[in-house]
Number of protein chains: 2
Amino acid sequence: MNDANPLQKLIAQLARLPGLGPRSARRVALSLMKKPEVTLRPLAEALIAVADGMKRCASCGNLDVQDPCPVCADPKRDRGMICVIEDVGDLWAMERSGAYQGLYHVLGGTLSALEGVGPSQLRIAPLVRRVAGSGGAPVREVILALNATLEGQTTAHYVAEQLAAYPVAVTRLAHGLPVGGELDYLDDGTLTAALTARQKTG
Amino acid sequence: MNDANPLQKLIAQLARLPGLGPRSARRVALSLMKKPEVTLRPLAEALIAVADGMKRCASCGNLDVQDPCPVCADPKRDRGMICVIEDVGDLWAMERSGAYQGLYHVLGGTLSALEGVGPSQLRIAPLVRRVAGSGGAPVREVILALNATLEGQTTAHYVAEQLAAYPVAVTRLAHGLPVGGELDYLDDGTLTAALTARQKTG
């Protein structure tokens, strides 16, 4: 089995996917080869369907097979709220929670001096234009749902600054004890944040 | 996002792969969508190349894109030895070790009363025919490299019985301490096997 072998090529492709290594890629390839007609071909077809149909939503930056994306196209969503997230995966996470009924704005990453990502590489200017309003319902609130990492918080701070001139409430996700979490296993930073943001019961 | 969505279909397909669940399938789909031309399409093409070209070796049962498979076609392999394995993955594992220079025979599973797998569902009869010899070099040795599970050992016993009538040495892989293994972490069965099969040093 050399590298020109289609099988080895497939394993090399699979091994590059996140969460897979050479060993698990071989296992996946093997399981696909055992039932090619029910697993291998349908997977190839699903990949091609996504590759052919994929579009980036011109409004929010979501990746989907339609533009505007299903969220932006949904007339039931609250157009007065925009939730700013780093990435499409974060949008999916928010949607799974089912707790949010507004629109989104995908930044496409975070500011990072180390990796040379500046404001112009992120979709910050389009967000400001959306808030400034080009017709439609005015935006009442922008929720900064960025990761609680140094880069995420730096980006949140920068975005908040850019929006300061507009009559819009800029909020961020609360920090605190995760649901089901135990104090003993919590890091100091989270515990401090949870204590600072303590709320009255009842 | 409903189930008719190509993206959801792709995630559902990915989630069925061994070692992936819904969460990791979403992560894989997302990473594919970020760079469709360098990851998504090449993966789809690699899958189709394998689906189109895949063949089962008529002699040993190996899965590859050529028949006879590269092992059976290699003139440098020792045709007097046949290593019997459960599955193509085991063949790959043997090849990676680089310690074996003979041919293989893939059984395609193990005998299992529970799952209703009888001798006729496995490639046992073709193995007996290979050993009985239909021309070519005579087979000197059959190595039963089946998993050290109950089913594997039952199958090894059955295959050995089927080959008893032929003038061929039937061997099995040694049981013992894994290389790099520590006694303290070893199960009792392996320790007993390693003690029983102890060898003189030097």
Side-chain angles (χ1 to χ4, degrees), chain A residues 1-2 4-14 16-34 36-54 56 62-66 69-71 87-93 95-96 108, chain B residues 1-2 4-14 16-34 36-54 56 62-66 69-71 87-93 95-96 108:
Chain A
M1 292 195 286
N2 54 43
N5 186 310
L7 200 52
Q8 293 306 310
K9 269 192 201 159
L10 174 60
I11 293 171
Q13 289 281 346
L14 288 169
R16 260 184 256 155
L17 298 177
L20 291 177
R23 185 176 288 263
S24 42
R26 278 195 299 266
R27 204 150 63 93
V28 166
L30 207 58
S31 95
L32 287 171
M33 286 165 69
K34 276 187 196 161
E37 294 311 318
V38 293
T39 57
L40 223 168
R41 273 188 209 280
L43 178 58
E45 283 157 14
L47 285 165
I48 288 170
V50 169
D52 287 346
M54 206 180 59
R56 192 170 278 279
N62 188 9
L63 284 174
D64 209 285
V65 288
Q66 56 188 88
C69 76
V71 175
D87 229 323
V88 178
D90 302 333
L91 188 156
W92 293 0
E95 284 297 282
R96 282 199 300 282
Chain B
M1 292 194 286
N2 56 43
N5 186 310
L7 200 51
Q8 293 306 309
K9 269 192 202 160
L10 174 61
I11 293 171
Q13 289 281 347
L14 288 169
R16 261 185 256 155
L17 298 177
L20 291 178
R23 184 176 288 263
S24 41
R26 279 195 298 267
R27 204 149 64 93
V28 167
L30 206 59
S31 95
L32 287 171
M33 286 164 70
K34 276 188 194 158
E37 294 311 318
V38 293
T39 58
L40 223 168
R41 273 186 210 279
L43 179 58
E45 282 157 15
L47 285 165
I48 288 170
V50 169
D52 286 346
M54 206 180 57
R56 192 170 277 280
N62 187 10
L63 283 174
D64 210 287
V65 287
Q66 55 187 88
C69 75
V71 176
D87 229 324
V88 178
D90 302 333
L91 189 156
W92 293 0
E95 285 296 283
R96 280 199 301 284

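Since this is a predicted model, take the numbers as computed values, not measurements. Quick note on labels: first sequence line is chain A, next is B, and so on, each numbered from 1.
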Any heavy-atom pair between the side chains of A:Trp92 and B:Leu7 that's under 4.5 Å?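 Yes - at least one pair of side-chain heavy atoms lies under 4.5 Å apart.
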4.5 Å side-chain heavy-atom contact, B:Gln66 and B:Pro70: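 Counting from C-beta outward, B:Gln66 and B:Pro70 do come under 4.5 Å.
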Part of B:Val65 lying under 4.5 Å from any heavy atom of chain A: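 Side chain only.
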Heavy-atom distances under 4.5 Å only: say whether B:Arg96 touches chain A with side chain, backbone, both or neither.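 The side chain, not the backbone.
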For a side-chain contact (heavy atoms from CB on, under 4.5 Å) check, start with the C-alpha distance between B:Arg23 and B:Arg27, then their side-chain angles and the critical distance, and finish with the verdict. CA-CA 6 Å; B:Arg23 184 176 288 263; B:Arg27 204 149 64 93; over 6 Å; no
Interface residue of largest heavy-atom contact number with chain A, from [options], under 4.5 Å:
{"options": "B:Ile11, B:Leu17, B:Ile48, B:Leu14", "answer": "B:Leu17"}
{"options": "B:Arg16, B:Met54, B:Arg26", "answer": "B:Arg26"}
{"options": "B:Ala29, B:Ser24, B:Pro42", "answer": "B:Pro42"}

Is a side-chain N or O of B:Thr39 found less than 3.5 angstrom from the main chain of B:Leu32, in a donor-acceptor match?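 Checking the backbone N and O of B:Leu32 against the side chain of B:Thr39, a donor-acceptor pair under 3.5 Å is found.
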Chain B: which of A:Ala51, A:Gly19, A:Gly53 shares the most heavy-atom pairs with it under 4.5 Å?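 Of A:Ala51, A:Gly19, A:Gly53, A:Ala51 has the most heavy-atom pairs under 4.5 Å with chain B.
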As an exercise: rank A:Ala49, A:Gly108, A:Ala46 by heavy-atom pairs under 4.5 Å with chain B and give me the winner.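 Heavy-atom pair counts peak at A:Ala46.
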Evaluate A:Leu43 against B:Leu10 for side-chain contact (heavy atoms from CB on, under 4.5 Å), listing each step before the verdict. CA-CA 7 Å; A:Leu43 178 58; B:Leu10 174 61; 4.0 Å; yes
Using a strict 4.0 Å threshold on nitrogen-to-oxygen distance, state whether B:Lys34 and A:Asp87 make a salt bridge.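 Yes, B:Lys34 and A:Asp87 are salt-bridged.
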